[in-house]
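These notes are about the structure you will find just below.
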Amino acid sequence: MQDARFVRVLLRRPDLRTPFPRKFAERLRGQTVVRVARRGKYLLVELSSGDTLVMHLGMSGAFSVAAGPSAERAEADRHDHVVFEMSPHAIVTFNDPRRFGFMDLVTRKAMPGHAALSKLGPEPLSPDFDAAALARACKGRKTSLKVALLDQRVVAGIGNIYASEALHRAGLSPRRKASTIATRTGAPLAGAVRLTAAIKAVLIDAIERGGSYAATRGHRFRVYEREGEPCLTKKCRGTIKRITQMGRSTFFCPTCQK
DNA sequence: CCGCGGGCCTGAGAGC
DNA sequence: TGCTCTCAGGCCCGCG
């Protein structure tokens with residue numbers, strides 16, 4: 001991807017969740033890719049111009065890459081909203097049926113103050129994210145542990161599946177108040193230590209299995225989408241339950257998650 | 001500041 | 001077959 005050049009950018013509609021910025025295609029054309037990075041759920045492509053292409057897949061967004069010139073490309077799907085024609089020959093297509101994804105071009109100057117990016121919590125797999133950091137972020141929070149994990153300011157990048165998965169792995173109930181894993185002084189309790197380790201383990205596991213949601217579809221999660229099925233924790237005879245928290249499904253085992 | 005509800009979109013599947 | 005309903009991996013906005 002490094003040194004790849006944007007030859008042509010095709011927008012097949014004016015917006016995703018938000019409108020594309022003015023002159024989006026023009027500003028990309030001719031730029032080369034300096035670096036590809038990620039922050040939380042945001043994809044960042046640094047360009048030779050100094051701008052950063054900031055992208056989010058939302059719920060249903062996906063990229064596909066095809067080698068070869070565009071002329072050889074098959075008929076576009078109705079949800080293929082953006083096509084990047086790269087040099088050397090590669091066609092990168094963004095498909096997103098629900099259009100909850102978005103793309104933006106941010107200048108070097110505007111990057112530090114970016115509304116969404118600047119509020120993100122620590123990267124879960126970085127050393128910055130430890131039990132003390134999690135405890136601090138949960139301190140004083142009246143909301144549930146599950147909802148706290150979905151808050152990208154607490155820790156960046158956890159979604160609805162892995163919030164449930166991590167809590168099961170840590171043996172913590174999603175219904176617990178987030179503040180109960182931190183002491184009043186902010187020192188981490190055993191729960192924070194276990195949850196931090198569980199989050200890291202769940203993510204590493206997912207990445208090793210192929211990373212994406214699509215790639216994990218075939219494998220059985222520990223609790224996600226397993227309502228009514230037996231708990232997989234050793235020696236636990238519990239049954240997975242599904243509840244709704246803040247309008248979103250949570251799966252957990254009431255027997256081994258306290 | 002926090003917590004919560006609604007809205008944004010389309011598609012898949014269940015039930016009638 | 002077709003309608004209606006619910007649910008889906010995320011985030012933003014406005015309210016209290």
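Small disclaimer: the values here were computed from a predicted structure and weren't measured. Lettering follows sequence order; numbering is per chain, from 1.
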Pairing pattern in dot-bracket form [Watson-Crick, G-U; both distances under 3.5 Å; | = partner strand] for DNA chain C:
.|||||||.|||||||
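Nucleic acid contact class of Arg13(A) (heavy atoms, under 4.0 Å, all strands): none. Counting any heavy atom pair closer than 4.0 Å across all strands shown, Ser60(A) reaches no nucleic acid atom. Among the heavy atoms of the strands lying under 4.0 Å from Arg248(A) is at least one base atom, whether or not backbone atoms are also near.
For Ser60(A), the side-chain hydrogen bond (donor to acceptor under 3.5 Å, both in side chains) partners at least two apart in sequence or on another chain are Asp96(A).
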Short heteroatom pairs, N/O only, protein and nucleotides 12-16 of chain C, under 3.5 Å:
none

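An aromatic stacking contact between Phe100(A) and the base of dC11(C) is absent, as defined here by ring centres under 5.5 Å apart and ring planes under 30° from parallel.
Checked against the 6.0 Å centroid threshold, His56(A) and Tyr42(A) count as a close aromatic pair.
Between the CZ atom of Phe102(A) and the P atom of dC11(C) there is a distance of 9 Å, given to the nearest Å.
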Show me the side-chain donor-acceptor pairs of residues 236-244 of chain A shorter than 3.5 Å, one per line, residues at least two apart or across chains.
{"unit_1": "Arg242(A)", "atom_1": "NE", "unit_2": "Ser249(A)", "atom_2": "OG", "d": "2.9"}
{"unit_1": "Arg242(A)", "atom_1": "NH2", "unit_2": "Ser249(A)", "atom_2": "OG", "d": "2.9"}

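In the set dG11(B), dC4(B), dC7(C), dG11(B) carries the atom at the smallest distance from any side-chain atom of Pro97(A).
Residue pairs meeting the side-chain hydrogen bond (donor to acceptor under 3.5 Å, both in side chains) criterion with at least one partner in residues 168-181 of chain A, sequence neighbours excluded, are His168(A)-Arg222(A), His168(A)-Thr233(A), Arg176(A)-Thr180(A). Under the side-chain hydrogen bond (donor to acceptor under 3.5 Å, both in side chains) criterion, no residue pair touches residues 108-121 of chain A, with sequence neighbours excluded.
One P atom belongs to dA12(B), the other to dC11(C), and the distance between them is 23 Å to the nearest Å.
Judged by distance alone, the side chains of Thr32(A) and Ser48(A) do bring a donor and an acceptor atom under 3.5 Å apart.
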